[in-house]
Structures are given as C-alpha cells and as structure tokens.
Enquirer: 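Take this structure first; my questions come after.
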Amino acid sequence: MSQQPSPFSPTKDFAKRLLAWSDINGRKDLPWQSDKTPYRVWVSEIMLQQTQVAAVIGYYQRFMEHFPDIHSLAHAEEQQVLAQWAGLGYYARARNLHKAAKHVVFDLDGAFPSDVEKIMELSGIGRSTAGAISSIAFKRSAPILDGNVKRVLTRLHDIEGWPGGREIEKQLWQLADNYTPTERCEDYTQAIMDLGATLCTRSKPQCTQCPFQTDCQAYANDTITLRPTSKPKKKNPVKECWILDITCNNETLFEKRPASGIWGGLHSLPELSREYTYDEILEEVERRFDLKGLSIDEARPFKHIFSHYTLLAHPVRIQVSRQENSIREERLEWLTHEARAQKGLPAPISKYFEEKITKP
DNA sequence: AAATCGGGGGT
DNA sequence: ACCCCAGATTT
C-alpha cells in the first residue's frame with residue numbers, strides 16, 4: 001500500500017480561482033440553471049447522469065412541461081413517466097425518479113430533503129448526486145465526485161490508481177471535500193463540472209486554457225494521458241474442457257472446427273465440456289462417432305492463453321475399436337502422426353502431439 | 001472493440 | 001463492506 005506521504009496538499013485558493021474562471025467561461029444559460037428548485041435540479045441531475053448535456057436539454061424541457069412539479073410526477077402513472085423518458089435510455093432512472101417522487105410526496109409530506117444523508121435515501125440518488133442537489137438547490141456545502149471531478153482531481157494531484165478502487169475513491173472524496181467552499185458552493189459545484197466537461201476532458205484536454213496548468217501535478221509530470229488510471233482489466237477467466245485423443249491403431253480422429261470461433265476451420269481434436277464424466281464422455285463418443293471405447297485415461301493438461309480467456313485443456317486418451325459402419329462425415333478425419341504433421345492444426349494441439357511423441 | 005459512468009444489487 | 005453488472009454512448 002503506497003500511502004502517499006500527504007494525501008492532501010491544498011492548491012491555494014482553488015475554489016476562488018475556479019469560480020473566477022467559470023464566471024467568464026462557465027455555462028449559465030442551461031434550462032435547469034434557472035429557477036433552481038430541488039425538483040428541477042434533481043430531475044436535471046438524474047437526466048445528466050449518463051447522458052450528455054446536448055441530448056438532455058430537449059427531454060428536460062418536455063419533461064418539465066408534463067410534470068412541472070414533484071406532485072404531478074408523484075401522481076402520474078409509471079407508463080406516463082416512461083413515455084416522457086422514451087429515447088433517453090437507462091429507463092431504471094425514470095422508474096427510480098417516479099418512485100422517489102412518490103416517496104417524497106406521500107411519505108415526506110412533499111418536502112424534498114436538504115441534507116446529503118437524507119437525499120441519498122431516495123431511489124436513484126447516490127452520494128455524488130445527493131451532493132449536487134444539496135449544494136445547487138439548497139446551497140449547502142457538499143462535495144460531489146462524478147467522472148468530471150475524478151478526472152480533475154486525479155490530474156491536479158497526479159494520483160495513480162483506478163478511481164473506482166476503494167482507497168483511491170476515499171482519497172478523492174477527501175480532496176473533493178477539502179476543496180468545496182462554503183461560499184458560493186452551488187456555483188462551485190457547477191464550475192468544477194464545467195472544468196471537467198470543457199477543458200479537463202478525457203482526451204485532448206485543453207491544458208493551455210486551464211487556470212490550473214501551473215498547479216497541475218500530472219501536467220508537470222507529463223502524465224495527463226495516464227490520468228485517471230484506467231480500470232484494471234479483470235484477469236481472464238480460465239475455461240476448462242476435455243480434449244478427446246481418440247486413437248485406433250496408429251491413427252487419431254480429427255474433427256474440422258466450425259468456420260467461426262476459435263481455431264475456425266482448422267482440424268482439431270474433438271472438444272467436450274469439462275462437466276462430462278468418463279462414462280458420459282464414452283456415451284458421447286459412441287453417439288457422435290459411433291465408436292466404442294476400449295480404454296480411457298488422462299494425459300497431462302495443457303494451457304493455452306487467448307486474449308480473452310485461458311483454455312485449460314485436459315486431454316483424455318480413448319482407444320477405440322474401429323467399426324466398419326462408423327459415421328462418415330466430411331469434417332471427421334483419421335490421421336497418422338505423419339499425416340497429422342502436414343495438416344493445419346491449432347498450435348496447442350500440434351504442441352500436444354510433439355510432447356506425446358517425444359514423451360509418450 | 002474497449003472504456004466509460006453512478007447507482008443498484010448480489011455475495 | 002466489497003465487487004460486479006446493466007445499459008448506453010464514446011473513443
């Protein structure tokens with residue numbers, strides 16, 4: 001755990017300078033930026049959660065015409081709410097909005113809660129959205145930590161580590177809280193989102209326009225493109241299977257694989273789900289190939305790493321007695337080791353045979 | 001094709 | 001308390 005020596009080295013007057021910047025460059029004419037009632041702010045924050053400003057504007061205006069206040073929303077049928085939401089996507093947001101409206105109107109006497117803790121109890125509102133509503137609608141000093149703010153803060157402090165992780169997120173909330181002013185906190189909330197949305201963007205940030213260029217640790221360290229640290233790719237799953245090494249005399253049964261998928265179109269050993277028991281394997285061999293197994297035993301498993309998963313193949317050797325009337329299919333082929341060497345086979349299968357020959 | 005996003009839900 | 005997902009867009 002690399003505890004940073006000082007998790008917080010305050011940039012002096014951050015809020016003041018940010019507000020000075022946003023007074024000139026910030027957006028102040030969006031539909032939800034006038035008449036900032038809790039209801040109007042809330043609806044805008046929910047709509048903006050996973051959707052860009054430009055896409056939200058039209059929906060917001062129509063939504064407000066249909067449901068001008070929280071009472072009209074609470075008394076509406078869910079279908080009417082969803083109808084107004086149609087096209088915005090993420091419809092769970094609309095259901096949560098409706099559910100929360102009913103809760104406020106019928107359980108809280110229509111009084112929208114003002115502190116973060118209470119706001120967070122409403123469906124569809126987490127800590128960041130609650131902070132936004134509390135600060136913008138109630139002018140309470142409450143931090144937010146949405147994607148924009150995470151980006152600004154991880155760059156300003158050049159914080160390494162995925163912001164979704166526990167420790168980093170905790171550190172970011174601490175920073176967000178420290179920077180949040182008591183004066184003009186509603187403008188500050190809007191301003192830091194504007195900074196992230198217009199200058200401190202994910203790609204091609206406009207650092208030359210940024211009022212914090214000389215404060216920015218990532219800029220100084222030339223790590224802007226590395227911040228925020230991207231989510232660690234979850235390590236690939238391991239998939240296991242049986243690989244059937246079916247032999248009769250000196251020949252092995254190969255099966256041409258489907259054209260698409262892994263090893264598409266190549267000849268390979270038949271593959272079965274690892275779930276099968278020996279008995280089930282033999283049943284399947286008889287069903288699919290019309291071959292009776294005489295003996296069955298396992299060889300050493302081999303591993304093959306694909307880009308998206310690791311295959312752990314368990315070869316199972318099956319001796320069969322060749323029948324006259326064995327199923328004949330285009331995709332099935334009996335090959336000797338010599339013939340096999342000429343054939344296009346998946347590398348792991350070829351390798352398996354090299355080992356089998358050199359170390360029987 | 002892969003990364004992103006804030007909250008919900010499952011473990 | 002922690003991890004992961006659904007659902008849609010963006011790069």
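Per chain, numbering begins at 1; letters A, B, ... match sequence-line order.
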Enquirer: For Glu167(A) and dC2(C), give me the distance from atom CD to atom P, rounded to whole Å.
Expert: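 To the nearest whole Å, that distance equals 9 Å.
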Enquirer: Taking transitive links into account, so neighbours of neighbours count too, which hydrophobic residues share a cluster with Tyr219(A) at under 4.5 Å side-chain distance?
Expert: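 Joined to Tyr219(A), directly or through intermediates: Ile224(A).
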Enquirer: What pairs meet the side-chain hydrogen bond (donor to acceptor under 3.5 Å, both in side chains) rule with one or both residues in residues 70-88 of chain A, with sequence neighbours excluded?
Expert: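 Residue pairs with at least one partner in residues 70-88 of chain A: His66(A)-Gln84(A), Asp69(A)-Ser72(A).
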Enquirer: Atom CH2 of Trp162(A) to atom C1' of dC2(C): distance rounded to whole Å?
Expert: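 The answer, rounded to whole Å, is 11 Å.
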Enquirer: Measure centre to centre between the rings of Phe67(A) and Tyr60(A), then say whether the value is under 6.0 Å.
Expert: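 Centroid separation for Phe67(A) and Tyr60(A): 6.0 Å or greater.
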Enquirer: Classify the ring geometry of Tyr179(A) against Phe14(A): parallel below 30°, tilted from 30° to 60°, perpendicular beyond 60°.
Expert: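 Plane angle between 30° and 60°, so tilted.
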Enquirer: Could you state the NZ-P distance from Lys150(A) to dA3(B), rounded to the nearest angstrom?
Expert: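 Lys150(A) atom NZ is separated from dA3(B) atom P by 17 Å.
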Enquirer: Side-chain N or O of Arg93(A) versus OP1/OP2 of dG6(B): is the shortest distance under 4.0 Å?
Expert: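 No.
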Enquirer: Restricting to side-chain hydrogen bond (donor to acceptor under 3.5 Å, both in side chains), what partner residues turn up for Lys351(A), sequence neighbours left out?
Expert: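 So Lys351(A) forms no side-chain hydrogen bond (donor to acceptor under 3.5 Å, both in side chains) with any residue.
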Enquirer: Whole-Å distance between dC4(C) P and Arg166(A) CZ?
Expert: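 It works out to 14 Å between those atoms.
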Enquirer: Decide whether Ser114(A) and Arg140(A) meet the rule of one side-chain donor and one side-chain acceptor closer than 3.5 Å.
Expert: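 Side-chain D/A pair, Ser114(A) to Arg140(A): present.
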Enquirer: Rounded to the nearest angstrom, tell me the gap between atom CG in Leu145(A) and atom P in dG7(B).
Expert: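 About 10 Å, once rounded to whole Å.
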Enquirer: Holding to salt bridge (charged side-chain N to carboxylate O under 4.0 Å, His left out), I want the full list of residues that pass it with Arg155(A), two or more places apart in sequence or in another chain.
Expert: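 With neighbours one apart ignored, the set is empty.
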Enquirer: Just how far, in rounded Å, is P of dT4(B) from CG of Leu48(A)?
Expert: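 After rounding, the gap between these two atoms is 21 Å.
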Enquirer: For DNA chain B, please output the secondary structure as dot-bracket, reading 5' to 3'. Pairs are Watson-Crick or G-U wobble, both atom distances under 3.5 Å; mark crossing pairs with [ ], other-strand partners with |, unpaired with a dot.
Expert: |||||.|||||
Enquirer: May I have the list of side-chain donor-acceptor pairs in residues 24-34 of chain A shorter than 3.5 Å, sequence neighbours left out?
Expert:
| unit_1 | atom_1 | unit_2 | atom_2 | d |
| --- | --- | --- | --- | --- |
| Asn25(A) | ND2 | Trp21(A) | O | 3.0 |
| Lys28(A) | NZ | Ser22(A) | O | 2.9 |
| Lys28(A) | NZ | Asp23(A) | O | 3.4 |
| Lys28(A) | NZ | Gly26(A) | O | 2.7 |
| Gln33(A) | OE1 | Lys28(A) | N | 3.4 |
| Gln33(A) | OE1 | Asp29(A) | N | 3.1 |
| Gln33(A) | OE1 | Leu30(A) | N | 3.0 |
| Gln33(A) | NE2 | Arg27(A) | O | 2.9 |
| Ser34(A) | OG | Pro31(A) | O | 3.4 |

Enquirer: I'd like to compare against my own output: the B/S/- annotation of nucleotides 6-11 of chain C with a strict under-4.0 Å heavy-atom distance to protein.
Expert: -BB-SS
Enquirer: Residues sharing Tyr90(A)'s hydrophobic cluster, by side-chain heavy-atom contacts under 4.5 Å among ILVMFWY, directly or via others?
Expert: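 Other cluster members: none.
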Enquirer: Taking N or O atoms only and anything under 3.5 Å, show me the protein contacts with nucleotides 8-11 of chain B, one pair per line.
Expert:
| unit_1 | atom_1 | unit_2 | atom_2 | d |
| --- | --- | --- | --- | --- |
| dG8(B) | OP1 | Gly124(A) | N | 2.3 |

Enquirer: What is the nucleic acid contact for Thr51(A), judged by heavy atoms within less than 4.0 Å: base, sugar-phosphate only, or nothing?
Expert: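 No contact at all - Thr51(A) keeps every heavy atom at 4.0 Å or more from the nucleic acid.
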Enquirer: Do Gln217(A) and Asn221(A) meet the criterion of a side-chain donor-acceptor pair at a distance under 3.5 Å?
Expert: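 No pair is found: no donor N or O on one side chain lies under 3.5 Å from an acceptor on the other.
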Enquirer: Could you state the CE-C1' distance from Met47(A) to dG6(B), rounded to the nearest angstrom?
Expert: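 Spelled out: CE on Met47(A) to C1' on dG6(B) is 17 Å.
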Enquirer: I'd like to check the salt bridge (charged side-chain N to carboxylate O under 4.0 Å, His left out) partners of Glu121(A); sequence neighbours left out, ordered by chain and number.
Expert: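 Salt bridge (charged side-chain N to carboxylate O under 4.0 Å, His left out) check on Glu121(A) returns nothing, list empty.
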Enquirer: Expressed as a whole number of angstroms, how long is the span from Met193(A):CE to dG6(B):C1'?
Expert: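 Rounding to the nearest Å, CE of Met193(A) and C1' of dG6(B) are 13 Å apart.
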Enquirer: Under the rule for side-chain hydrogen bond (donor to acceptor under 3.5 Å, both in side chains), what residues qualify as partners of Arg40(A), not counting sequence neighbours?
Expert: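 Arg40(A) satisfies side-chain hydrogen bond (donor to acceptor under 3.5 Å, both in side chains) with no other residue.
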Enquirer: Contact list please: residues 130-142 of chain A against DNA chain B, heavy atoms, distance less than 4.0 Å, in numerical order.
Expert: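 By residue number: none to list.
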Enquirer: How long is the span from the CH2 atom in Trp242(A) to the OG1 atom in Thr277(A), to the nearest 0.5 Å?
Expert: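 The OG1 atom of Thr277(A) is 9.0 Å from CH2 of Trp242(A), to the nearest 0.5 Å.
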Enquirer: Over all strands shown, is Arg95(A) touching base, sugar-phosphate only, or nothing at heavy-atom distances under 4.0 angstrom?
Expert: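 Arg95(A): no heavy atom of the nucleic acid under 4.0 Å.
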Enquirer: Sticking with atom P, work out how far dA1(C) lies from dG6(B), rounded to a whole angstrom.
Expert: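 It works out to 22 Å between them.
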Enquirer: Do Glu240(A) and His314(A) get their side chains close enough for a donor-acceptor pair, meaning under 3.5 Å?
Expert: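 Short answer, yes.
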